[in-house]
Amino acid sequence: MKNILSIFFVFGALFLKAQSPNIELTQVSSGFNTITCLAHCNDNRVFVLEQAGKIKFFDPYLGGNIEFLDIQARVNDSGNERGLLGLAFPTDYKQTGKFYVNYTASGGTTRISRFSVSASDSNAADPNSEEILLAITQPFSNHNGGNILFGPDGYLYIGMGDGGSGGDPNNYSQNRQSLLGKMLRIDVSGESGYTIPADNPFVGTNDPNNLVLDEIWSIGVRNPWKYSFDRLSGDLWIADVGQDAQEEVNFQAAASLGGENYGWRCYEGTANFNTSGCTGSSNYEFPIFTFNHSASNGCSITGGFVYRGVFAGELYGRYLVTDYCSGRIWSILQEDETTFSNIDHGQFNTFTYTAFGEDKYGELYLARQNGIIYRIGAINSDPSAIINPSFTSLCPGETLTLETQFNPLLSYNWFKDGNLILGANSSTFEVSEVGSYSVQVIVENDASSISEERVITIAPEPPVLTASAELEVLCDDAAFPVSLTGAPIGGTFSGVGVVNASFDPFDLPPGDYDISYNYTSAEGCNSEPVEFTIIIRELPEVSIEGIDEIYCANIDIAVMPTLIPEGGLFSGPGVSNGLFSPSSADIGENELSYTYSDAFGCANTTSITVTVDECLGLSSFENSIQVQPNPTSGSLLVKVPKTESNLLIYKMINSLGQIVITPTRINNSTSESFTIDLYDLSSGIYFLEIEDGVKTYRTAIIKQ
């Protein structure tokens, strides 16, 4: 505001009419002190903020003036524009009991705080529950902004003035490293503190020459004293207080992604103000409505709401705005995406309007600084009767709930094809048949309106879907995406591993994966989804058993391995017809492999390394040491010549070099042969070593 909260008028009229015949103000409450804001929490209560630091509420249909919260000891209301300025209730207030306020604290710092309602009394807040979420230093006492609101997206919007003085001397509004002169947007849904919505327009800005604070939603406002969201469309209307010449209303469509620059201090309204350092005009958003300062227009705008109530039917869909200094009221209507028209409803006989408010039902209120609150109506206006939603095509088998505005003081009649529907007397009606529907809205004084007709049609049956995968069985080592096709084209696939119109098996474990194909017709009707399954199979477990790690090259044997599972391909040096012959393999290490492929083509391979040794020295002592039988299935007869010492030591070593029969002494002075028991040894190749005190002899033994 513009040093206006210190201006105080007392006017005792209970019922006021504008010079223009279409708006009337009916007093509904009084007795408040220096009102700065009106808000509701989605019940019948309308909450009233007093600048000094109290929140009270009343019921516009029953009256009342009840204290809800007193934080006067924390609020700095000096300097005319400081104080308790903003209040916002989230949509889940009834469940959580948490609400948010904006006030100036010691030194003039703006605080955004969270409070909780009392656990024992829903009509009283707990003053000790405060959690300060955000503190913003204010260099001057004026232009604190102060309004806070939850948008349709569930985020908290905060309007910050440019820091005060006059002309934004520090150019805070265009400084993207300052929160002053901005619209902010934060997420307060967590248990404590706040976070930055990921889609805030400047999140992730990494240009070192153009850094922007993440909380910023839009820039270039001077003092957005009041702004509001259209409860039906979600559009944002911002009334920004001007400097010395123009007041303005800015419009931001619900589809906006944020980031708008509303021009201050480069522009005041549509006029140049201080263009030093400013860029071309195409980089700024200009207001959709302005008025110049004058005795009749006034000097400080107070923003309002788009009327979505019932009683003032002629105002439905119009944004109402007033001026603190003159009491003049205008309404603005959006004609199309870029065109806005306005009506001057005249200058009222009261002044110092500081806040508009909206109740649960969409009725609007206007508060004077001196503590009087009025309901806004339209003289001789029939109630509004609007049917939502606007689309009129039903999908086969579905129903559609038509609704009109609700207010406990209204009654309703629904019609089909011009005929009264017996028992259809609420603000909603469920439609399942084709026909032309309308609703009559009736107020207590018998004023009534009948809505435009909604012609309900039944859309064609959506198509039956088919869908399939290029491959429905994959192996666990599949590395490439599988194409998915659906008919008719234009639908969407969903499921684990689905990327657009393909299934990517990468990193997915074996298992069954259900894929769904969904399709929405041009009329908005959904076909019955079709599903199919893609299977990722485990690779078969394969193994080679029954082959030792070491063989002698001069032993002419053919080893038949056990291949699990049977039916694969056994290959490698020395392998022929499924048998391994060491004498046919290479001297040294030989890699033998086994590959098996199951019925679905999923293949796996395992390999072993077999060493083939020349076993040198066998020929030199074959004539002096004889072993038989070799191969043997049990005992082994060993014949040796007598030695000078008549003492022999023998031991048995397996193919891994491990001693399996410990060294044993033999006296061959009386016999030239001895027997070794091999029954306990498993099948395989072993080496017999004999020492006579001078030489060591070694020969290979095959145990069957």
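In this text, all values refer to a predicted model and were calculated from it rather than measured experimentally.
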Quick one: which residue pairs count as a side chain to side chain donor-acceptor pair (under 3.5 Å) with a foot in [range], not counting sequence neighbours?
range            : value
residues 526-537 : Asp514-Thr533, Thr520-Asn526
residues 145-156 : Asp153-Tyr157, Asp153-Arg185
residues 485-497 : Ser468-Thr485
residues 254-263 : Gln174-Asn261, Gln252-Glu260, Gln252-Tyr262, Ser256-Glu260

Indicate yes or no: at least one non-hydrogen side-chain atom of [X] is less than 4.5 angstrom from one of [Y].
X      : Y      : result
Val443 : Leu410 : yes
Thr339 : Gln334 : no
Pro201 : Leu257 : no
Ile373 : Leu38  : yes
Asn342 : Leu333 : no
Ile148 : Leu156 : yes
Leu394 : Thr457 : no
Ile186 : Thr195 : no

| request: Report the C-alpha separation of Val439 and Ile387 in whole Å, then their side-chain angles, then the decisive distance to 0.1 Å, and conclude whether the side chain to side chain contact (heavy atoms under 4.5 Å, CB included) test is met. | output: CA-CA 8 Å; Val439 64; Ile387 295 181; 3.8 Å; yes
Taking atom [atom1] of [X] as the centre, report whether more than 12 heavy atoms of other residues, nucleotides or ligands fall under 6.0 Å from it.
X      : atom1 : value
Glu452 : CD    : no
Phe480 : CZ    : no
Glu470 : CD    : yes
Asp121 : CG    : yes
Gln95  : CD    : yes

Value rounded to 0.5 Å, distance of [atom1] in [X] from [atom2] in [Y]:
X      : Y      : atom1 : atom2 : result
Thr428 : Tyr412 : OG1   : OH    : 9.5 Å
Ile329 : Thr302 : CD1   : OG1   : 10.5 Å
Ser122 : Asp43  : OG    : CG    : 8.0 Å
Glu131 : Ser113 : CD    : OG    : 8.5 Å
Ile219 : Glu285 : CD1   : CD    : 11.0 Å
Leu213 : Asn200 : CG    : CG    : 11.5 Å

| disulfide (SG to SG under 2.5 Å) partners of Cys41, counting only residues at least two apart |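 Cys41: no disulfide (SG to SG under 2.5 Å) contacts found.
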| message | Parallel, tilted or perpendicular, judged at 30° and 60°: which one describes the rings of Tyr361 and Tyr61? | response | perpendicular
| field | Aromatic plane relationship, Tyr517 with Phe493 - under 30° parallel, 30 to 60° tilted, over 60° perpendicular | value | tilted
| request: Go through the steps to decide whether Glu523 and Ser393 satisfy the test side-chain hydrogen bond (donor to acceptor under 3.5 Å, both in side chains), and finish with yes or no. | output: CA-CA 7 Å; Glu523 295 78 16; Ser393 181; over 6 Å; no
| task | Inspect the contact between Glu191 and Arg114 and indicate whether a charged nitrogen and a carboxylate oxygen are less than 4.0 angstrom apart. | result |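 Result for this pair is no, no salt bridge flagged.
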| Presence of salt bridge, Lys416 and Glu433, under 4.0 angstrom | yes
| task | Take Phe340 and Phe251 through the test ring-ring contact (aromatic ring centres under 6.0 Å, His included) and record every step on the way to the result. | result | CA-CA 10 Å; Phe340 298 83; Phe251 176 83; 5.0 Å; yes
| message | Between Phe311 and Asn407, is the side chain to side chain contact (heavy atoms under 4.5 Å, CB included) condition met? List the steps. | response | CA-CA 9 Å; Phe311 298 117; Asn407 190 287; 3.6 Å; yes
With no hydrogens and no angle check, just 3.5 Å: does a side-chain donor-acceptor pair link [X] and [Y]?
X      : Y      : answer
Asn250 : Asp240 : no
Gln405 : Ser384 : yes
Tyr365 : Asp359 : yes
Ser436 : Glu453 : yes
Ser341 : Glu335 : yes

| message | Check for me whether Arg45 meets the cation-pi criterion with Phe58, that is, NZ or CZ under 6.0 Å from the six-membered ring centre and within 45 degrees of the ring axis. | response | no
| request: Apply the ring-ring contact (aromatic ring centres under 6.0 Å, His included) test between Phe99 and each candidate in Phe47, Phe150, Phe89; give the one that qualifies. | output: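 Between Phe99 and the candidates, ring-ring contact (aromatic ring centres under 6.0 Å, His included) is satisfied uniquely by Phe89.
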| When the ring centroid of Phe289 is compared with that of Trp330, is the distance short of 6.0 Å? | yes
| request: Go through Phe503 and Tyr513 one step at a time and tell me if the ring-ring contact (aromatic ring centres under 6.0 Å, His included) criterion holds. | output: CA-CA 10 Å; Phe503 174 79; Tyr513 293 87; 5.8 Å; yes
| said: Can you give me the closest heavy-atom contact between Tyr227 and Leu236, atom names plus distance? | reply: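 Heavy-atom minimum between the residues: CD1-CD1, 3.9 Å.
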| message | Is there a side chain to side chain contact (heavy atoms under 4.5 Å, CB included) between Leu539 and Cys475? Walk through the geometry before answering. | response | CA-CA 7 Å; Leu539 300 181; Cys475 302; 4.0 Å; yes
| Among Asp126, Ile55, Leu69, which residue meets the side-chain contact (heavy atoms from CB on, under 4.5 Å) test with Phe115? |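 The side-chain contact (heavy atoms from CB on, under 4.5 Å) with Phe115 is passed solely by Leu69 among Asp126, Ile55, Leu69.
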| note | residues 487-511 vs salt bridge (Lys or Arg N to Asp or Glu O under 4.0 Å), sequence neighbours excluded, gives none
| field | Working for ring-ring contact (aromatic ring centres under 6.0 Å, His included), residues Tyr437 and Trp414 | value | CA-CA 7 Å; Tyr437 293 85; Trp414 286 88; 7.8 Å; no
| request: Could you please spell out the steps behind the ring-ring contact (aromatic ring centres under 6.0 Å, His included) verdict for Tyr307 and Phe356? | output: CA-CA 11 Å; Tyr307 182 74; Phe356 284 84; over 10 Å; no
| task | Determine yes or no for a side-chain-to-main-chain donor-acceptor pair under 3.5 angstrom, with Asn604 supplying the side chain and Pro540 the backbone. | result |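 Present.
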| task | Report the C-alpha separation of Ile196 and Glu215 in whole Å, then their side-chain angles, then the decisive distance to 0.1 Å, and conclude whether the side chain to side chain contact (heavy atoms under 4.5 Å, CB included) test is met. | result | CA-CA 6 Å; Ile196 305 296; Glu215 290 87 349; 3.5 Å; yes
